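What follows is a set of notes on a single structure, which appears directly below.
We count residues from 1, following the sequence as given. None of the values given here were measured: they were computed from a predicted structure. Counting convention: from 1, in listed order, for ligands and their atoms alike.
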Amino acid sequence: MKITDAKVFVGGPKKNYVTLKIYTDQGIYGLGDATLNNRETLPASYLTDYLIPNLIGLDPRNSEDIWQLFYRGAYFRGGPIAMAAYGAIDMALWDIKGKIADLPLYQLFGGKSRDGAMVYAHATGADLEDLMDSVACYVEDGYKAVRVQCGIPGMPTAGYAVPETKGGMRNYITDYSGIRPSTEIWDSGKYMRYMPGALMEIREKFGPELKILHDVHHRLTPREAAEFAKSVEPADLYWLEDPTPAEDQDALKFIRRHSTVPIAIGEVFNTIWQCNKLIEQELVDFIRVAVTYAGGITHVKRIVDLAALHHVRTGFHGAPSHSPLCMAAQAHLNAWAPNFGVQEYLVLGTPECDALFPSEHLMTNGMFYVSDAPGLGVDFDEAEAERYSYEPGSHPIVRLEDGTLWNY
Ligand code: KDG
Ligand code: MG
């Protein structure tokens, strides 16, 4: 069996999905997602300019060797752009493998450990009252886990993942008005004084069963994060995410010394070598890598296996920038992983998105049920894809009130 061709498509309904399609001489094709949020054209050109010409003629069944060829074969290894491109190739090769075997991918990993995978939604509000309304909607829809973010009194701008006005939606992942970012103003003191009480009010209102998650989005220093983690303990969080910038791994030791709050990190990691020490030293409770950003199923499965040895559960990144192909790859891993924790899931299922990526996967009642279709179980409609093209966009940047640049 040989790879005969591969194509890259960029675009989607209000998203710049980067979709890879690998064709073989047996008529079977595989699909993968290389969407690197706000830098989408870069993995796309790495794929077309370098990786695809090197794929033609290879046997698609040798997905391990092909992964090694691209990763080890590159002297300058890793990084988010390359890993997203390898991630798409690897996903597509697993898709082909599943189609050859006529089995859904979870069967190739070892079968199902559970029927449905718990997902968490993003509740958000301009203020606490607004956030409570948003949480209540998700609870009513059957969600068992909800991430909560709200505006902080006195903060000059709305803040991470928070709308400017009550009842508003915040397109916090990307602003498609151009590649120049808008600016948010941040004040850690105001946040640290307000948020622990707000989390406690949410716990009191929704009771002990709701799994409450909160994302600090890398904005505190290690000392502040340790103080914050200690102060949110009474709210009994399911996890506290990215309390400090991801580069400083010793920060997590400091947080652990002061608090038992469960810590989730890893959405910006792209290799096992960025998280093996954290996992082995049991400094985190949930690992948040994404199949796209961390080199595909082959590499992420290694991270999951290592995590399982150290009581670290999965909580794969599921921001709306991941296409249904990445979410399907993660759903198959979620169905199998003995150490599954939770899956971040934002409603992708608009009619336009479903038309572009038809599938039988099912999200209902706060649970994701993986389909039994062979491979990833997601198709790609090329005629639909012609409706879309690349739209430049950006995340905001963050500054302190005196103008100092801070972490988004
Ligand atoms: O592109 C950035 C987003 O993926 C990030 O802001 C989302 O932190 C995030 C999350 O937890 O989903
Ligand atoms: Mg996050």
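No side-chain donor-acceptor contact under 3.5 Å links N38 and S394. Between Y29 and D379, the side chains place a donor N or O and an acceptor N or O closer than 3.5 Å (distance only, hydrogens not considered).
Polar contact with ligand 1: present for R288 (N/O pair, distance under 3.5 Å). Remark: ligand 1 and N37 share an N or O pair separated by less than 3.5 Å (distance only, no angle test). The N/O atoms of R147, backbone and side chain alike, include one that comes under 3.5 Å of an N/O atom in ligand 1.
Formation of a donor-acceptor pair under 3.5 Å by the W239 side chain with backbone atoms of H214 is not found in this model. Judged by distance alone, the side chain of H361 and the main-chain N or O of S371 form a donor-acceptor pair under 3.5 Å. With D187 contributing its side chain and M155 its backbone, the two residues share no donor-acceptor pair below 3.5 Å. Side-chain N or O atoms of K7 include none that pairs as donor or acceptor with a backbone N or O of T48 at under 3.5 Å.
Counting only non-hydrogen atoms, the option in H317, H218, H395 that gets closest to atom 1 (O) of ligand 1 is H395.
Short contacts between ligand 1 and H217, defined as distances under 4.0 Å to a heavy atom of the residue, involve ligand atoms 5 (C), 6 (O), 8 (O), 9 (C). For ligand 1, the atoms closer than 4.0 angstrom to any heavy atom of A319 are 4 (O), 12 (O). Every atom of ligand 1 with a heavy atom of D215 under 4.0 Å away is listed here by number and element: 8 (O), 9 (C), 10 (C), 11 (O).
Expressed to the nearest 10°, the angle at the Mg ion (ligand 2) joining OE2 in E241 with OD2 in D215 is 90°.
The environment of CG in L362 is crowded: more than 12 heavy-atom neighbours from other residues, nucleotides or ligands sit within 6.0 Å.
For the Mg ion (ligand 2), the nearest N, O or S atom contributed by E267 is named OE1.
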